[in-house]
**Q** 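The structure under discussion is supplied below as structure tokens; questions concerning it will follow.
Keep in mind that this is a model prediction, so the values were computed, not measured. The analysis underlying the following values was restricted to heavy atoms, covering all of them including side chains, and did not include hydrogens, waters or symmetry mates.
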Protein chains: 2
Amino acid sequence: MDRQRTDKNGENSAQGRPTLKTLAFMTGLGVTTVSRALKDAPEIGAETRRRVQLVAKQIGYRPNRAGVRLRTGRTNVISLVLNTDREIMSFVSDIIYGVSEVLAETPYHLIVTPYSRSQDPMEPIRYLVETGSADGVIISRTQPNDPRARYMLEHGMPFATHGRTDMGLVHPYHDFDNHVFAMEAVRRLASMGRRKLALLSPPPGLTYYGHTLNGFADALSEVGASEIPFNTVSIDHTIEQIRTRTAQVMRRENRPDGFVSSAAAATLAIVAGIEDAGLKLGRDVDVVSKQSSDLLHLFRPELLVVNENFRLAGSDLARSVLGWIGGAAPGSLQRLVATSEVQAFSPPVSV
Amino acid sequence: MDRQRTDKNGENSAQGRPTLKTLAFMTGLGVTTVSRALKDAPEIGAETRRRVQLVAKQIGYRPNRAGVRLRTGRTNVISLVLNTDREIMSFVSDIIYGVSEVLAETPYHLIVTPYSRSQDPMEPIRYLVETGSADGVIISRTQPNDPRARYMLEHGMPFATHGRTDMGLVHPYHDFDNHVFAMEAVRRLASMGRRKLALLSPPPGLTYYGHTLNGFADALSEVGASEIPFNTVSIDHTIEQIRTRTAQVMRRENRPDGFVSSAAAATLAIVAGIEDAGLKLGRDVDVVSKQSSDLLHLFRPELLVVNENFRLAGSDLARSVLGWIGGAAPGSLQRLVATSEVQAFSPPVSV
DNA sequence: TCAATATACTGAAACGTTACAGGTTGCCAG
DNA sequence: CTGGCAACCTGTAACGTTTCAGTATATTGA
């Protein structure tokens with residue numbers, strides 16, 4: 001009967017946004033009951049439950065995130081940790097789209113946590129864990145012995161990695177099978193008669209550097225081809241550095257007649273370097289490249305490509321983190337996607 | 001003297017993360033005093049202030065975002081609203097980097113709010129405003145009469161737009177001067193003797209569509225060149241659509257001898273279409289294109305380019321939103337960046 | 001009939017912060 | 001010696017939510 005005094009939020013429904021108190025006033029129930037009714041708690045009568053949910057829908061009730069977060073510690077936030085100067089351009093947009101697509105169906109927000117050249121990659125991770133700013137984290141540029149993964153595991157922060165680790169610790173990941181990619185690439189080049197192959201590798205230090213190198217080496221010995229060293233550059237180098245280096249190598253006596261490239265932008269540089277040296281793609285040398293959007297064929301139809309789907313990676317990683325948060329076993333949230341076949345140019349249908 | 005009972009957070013300093021209560025216990029002050037000391041309130045003694053801040057730094061105190069948000073309504077969040085299927089790839093990564101770079105120095109987090117094909121562009125905006133999920137918003141794909149801008153203005157949500165509106169309403173924006181871009185592009189083509197020009201425009205509906213068209217038309221009449229209609233496609237069309245359409249146009253009797261393209265990926269398609277028709281870039285036709293990263297010259301050295309810096313746009317937009325939140329006049333936070341000159345290929349120094 | 005029990009609901013407390021409305025103390029003017 | 005004031009500090013309440021420990025009522029079993 002002192003409801004009037006207590007529920008000063010009654011009139012609130014007109015001015016501010018509705019809260020549990022507003023709903024309690026409108027339904028004549030207590031806020032506890034309303035709170036439980038909204039989450040289908042069993043001790044609330046079926047009719048009451050329906051009634052509360054109906055009113056909530058009608059007036060467009062949305063739980064206040066700060067309230068929930070303060071009370072429960074749950075943030076409803078997933079953080080995507082990105083290196084702001086080394087990530088591949090298309091990687092960023094596609095992975096964000098993939099993650100967004102999954103989070104859109106949930107109450108989760110996506111926050112982007114950047115770190116740059118100058119910073120310790122651990123810094124954003126520590127920040128997230130210490131401040132509890134996210135319920136889950138997605139990281140890329142994964143290393144075999146990755147201190148970020150170890151730290152999050154130790155501190156009970158659910159996460160997923162783009163790329164695998166190799167520390168004997170189990171956690172969700174999504175990875176493209178770069179071992180298979182490199183093997184298929186070499187096989188394809190070999191099948192075209194190419195015998196002296198160079199690899200533009202991922203940056204040393206990342207896990208898939210090793211996968212790529214091993215696949216390359218394994219296939220070389222399988223097909224009996226040889227390697228022309230090209231390890232002074234990686235896809236983390238600038239376009240100009242790769243271009244210059246390629247031109248140098250191509251001017252040598254013992255030059256490669258085939259390239260395997262781990263990134264599309266780098267492939268542009270390789271081709272430019274080849275042509276700087278006065279040689280011709282498809283005649284003097286062939287190139288197999290990974291790409292994440294279907295543009296390389298426009299650049300040079302002679303290029304051979306393998307597609308890596310970053311958007312899929314994003315949605316997969318998001319689902320994994322949510323799964324872990326939801327209590328699934330981290331070991332069940334690991335996915336290695338097999339490379340599609342090496343593709344040659346197929347001209348557009350209508351011409 | 002019932003401090004022991006009251007400050008149950010005293011021992012907390014050992015287990016959880018420190019709060020104001022922890023600091024209050026350690027300094028022997030009240031939490032109110034600590035709170036004010038940390039924000040340099042004038043009614044706190046200078047010595048006390050220093051002492052509190054020292055202790056806070058020592059134990060790594062970080063204000064709890066949920067607490068602040070619940071109490072004050074401030075979220076310390078900026079939301080970047082993105083269309084998940086139409087945005088230009090490099091736009092997304094660069095603008096995120098630009099925004100991040102600015103927010104990194106502040107307590108603000110960046111959240112990415114996506115919307116897709118199927119959705120009303122207003123939906124994410126309404127969500128953000130209604131739930132108060134952000135203190136400021138950045139939007140792109142701005143329209144002359146943009147309901148999102150109008151809505152946010154009406155509801156007092158600070159925001160900045162990438163691109164201008166044209167509704168007589170004043171708000172922060174960052175825009176690339178596409179009028180000048182189109183004029184310079186046409187002038188350049190004219191100076192090379194090109195007289196029949198086609199424009200691959202931005203999607204109709206966006207503000208810079210008009211700017212681009214006007215610049216194109218103005219320069220055409222200035223130099224006395226004529227337009228070959230090419231308005232059945234825009235940069236929002238697929239690569240294949242643009243390519244096919246270009247090839248069609250280039251096979252006609254009265255074909256263009258010059259193109260102006262508003263996006264780099266689309267330019268790849270145009271060039272492919274030109275070559276599909278058996279014509280040669282630089283001989284039969286020239287193309288001026290915008291690009292946001294320096295890759296087009298690798299594609300075809302004959303391409304003429306103008307650079308648009310999306311990272312700059314991002315940092316600029318972030319600064320504008322923060323400025324508005326901080327009380328600056330929205331009218332003072334508008335920036336139109338002039339296009340750089342049209343650039344032809346300059347070969348790498350060392351070859 | 002009475003006690004035990006299940007059902008449906010409730011108020012109070014707490015999460016960490018800030019705003020509000022004081023409360024002490026010391027000093028000075030009168 | 002008193003009243004007033006400035007300087008400095010403090011407790012309480014509130015933001016919206018969930019959890020805990022209930023309470024009231026109806027239902028059941030003996």
**Q** Pick base, sugar-phosphate or nothing for A:S35, based on heavy-atom distances below 4.0 Å to the nucleic acid.
**A**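 Since a base atom lies under 4.0 Å of A:S35, the category is base.
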
**Q** Can you find a pair of side-chain heavy atoms, one from A:F159 and one from A:L153, that are under 4.5 Å apart?
**A**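 The answer is yes; the side chains approach within 4.5 Å.
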
**Q** What is the separation between atom CG on A:L20 and atom P on C:dC15, rounded to the nearest whole Å?
**A**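 My rounded result for the distance is 19 Å.
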
**Q** Heavy atoms, side chains only, cut-off 4.5 Å: are A:H109 and B:V77 in contact?
**A**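 A:H109 vs B:V77: side chains apart.
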
**Q** How large an angle, rounded to 10°, do the end axes of the helix from C:dT1-D:dA30 to C:dG30-D:dC1 enclose when each is built from five base pairs?
**A**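 For the helix from C:dT1-D:dA30 to C:dG30-D:dC1, the axes at opposite ends meet at about 60°.
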
**Q** List for me each residue that meets side-chain hydrogen bond (donor to acceptor under 3.5 Å, both in side chains) alongside B:S315, sequence neighbours excluded, and say none if there are none.
**A**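 Once residues adjacent in sequence are excluded, the partners of B:S315 under the side-chain hydrogen bond (donor to acceptor under 3.5 Å, both in side chains) criterion are B:R319.
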
**Q** Where the side chain of B:R71 is concerned, which of D:dA21, D:dC15, D:dG16 is the nearest nucleotide?
**A**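 Selected nucleotide: D:dC15.
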
**Q** Out of C:dT17, D:dG16, D:dT10, which nucleotide sits closest to the side chain of B:Y61?
**A**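 Closest nucleotide among those given: C:dT17.
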
**Q** In whole Å, I'd like the distance from the CZ atom of B:R51 to the C1' atom of D:dC8.
**A**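 Rounding to the nearest Å, CZ of B:R51 and C1' of D:dC8 are 13 Å apart.
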
**Q** Can a side-chain donor-acceptor contact be found between B:H174 and B:S320 if the only test is distance below 3.5 angstrom?
**A** no

**Q** Give the nucleotide from the list D:dA21, C:dT17, C:dC15 with an atom nearest to the side chain of A:L70.
**A** C:dC15

**Q** Would you mind reporting whether B:Q334 and B:V170 have side-chain heavy atoms less than 4.5 Å apart?
**A**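 Result yes, sub-4.5 Å side-chain heavy-atom pair found.
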
**Q** Quick check: closest heavy atoms across B:V81 and B:E87, and the distance to 0.1 Å?
**A** O-OE2, 4.4 Å

**Q** Please pick, from D:dG16, D:dC20, D:dC9, the nucleotide with the shortest atom-to-atom distance to any side-chain atom of B:L29.
**A**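 Looking only at heavy atoms from C-beta outward on B:L29, the closest nucleotide is D:dC9.
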
**Q** Assess whether atom CD of A:E43 is packed by more than 12 heavy atoms of other residues, nucleotides or ligands within 6.0 Å.
**A** yes

**Q** Identify which nucleotide among C:dG16, C:dT18, C:dA21 has an atom closest to any side-chain atom of B:N64, counting heavy atoms from C-beta outward.
**A**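 The listed nucleotide nearest to B:N64's side chain is C:dG16.
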
**Q** Rounded to the nearest 0.5 Å, what separates atom CG in A:L128 from atom CD1 in A:I125?
**A** 6.0 Å

**Q** Residues from residues 39-50 of chain B sitting under 4.0 Å of DNA chain C, heavy atoms only?
**A** B:K39

**Q** May I have the distance from A:R62 (atom CZ) to D:dC15 (atom C1'), rounded to whole angstrom?
**A** 20 Å

**Q** Polar pairs (N or O, both sides) under 3.5 Å between protein and nucleotides 22-28 of chain D?
**A**
none

**Q** Nearest whole Å is fine: how far is D:dT17 C1' from A:L23 CG?
**A** 13 Å

**Q** Think A:K21 has a side-chain N or O under 4.0 angstrom from the OP1 or OP2 of D:dT17?
**A** no

**Q** So which nucleotide from C:dT17, D:dG16, D:dT18 ends up closest to the side chain of B:V68?
**A** C:dT17

**Q** Flag the pair B:Y97 / A:D85 as yes when at least one side-chain heavy-atom distance between them is below 4.5 Å, and no otherwise.
**A** no

**Q** Would you kindly check whether a donor in the side chain of A:T32 faces an acceptor in the base of D:dT19, or vice versa, at under 3.5 angstrom?
**A** yes

**Q** I need the CZ-C1' distance between A:R69 and D:dT17, as an integer number of Å.
**A** 14 Å

**Q** What is the separation between atom CZ on B:R36 and atom P on D:dG11, rounded to the nearest whole Å?
**A**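 Computing the B:R36:CZ to D:dG11:P distance gives 14 Å.
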
**Q** May I have all residue pairs that pass salt bridge (Lys or Arg N to Asp or Glu O under 4.0 Å) and include part of residues 157-172 of chain A, sequence neighbours excluded?
**A**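 Counting only pairs at least two positions apart or across chains, the salt bridge (Lys or Arg N to Asp or Glu O under 4.0 Å) contacts touching residues 157-172 of chain A are A:R164-A:D175.
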
**Q** Measure the CG-CZ distance between B:N76 and B:R65 for me, rounded to the nearest 0.5 Å.
**A**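 So the CG of B:N76 and the CZ of B:R65 are separated by 5.0 Å.
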
**Q** Calculate the interatomic distance between A:F25 atom CZ and C:dT10 atom C1'; express it in whole Å.
**A**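 That distance rounds to 18 Å.
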
**Q** How close do A:T84 and B:S100 get, heavy atom to heavy atom, and via which atoms?
**A** CG2-CB, 4.5 Å

**Q** How would you list, by chain and number, every residue that makes a side-chain hydrogen bond (donor to acceptor under 3.5 Å, both in side chains) with B:Q143, sequence neighbours excluded?
**A** none

**Q** When all nucleic acid strands are considered with a 4.0 Å heavy-atom cut-off, which category describes B:T33: base, sugar-phosphate, or nothing?
**A** base

**Q** Taking CZ from B:R65 and C1' from C:dC15, how many angstroms apart are they, rounded to a whole number?
**A** 17 Å

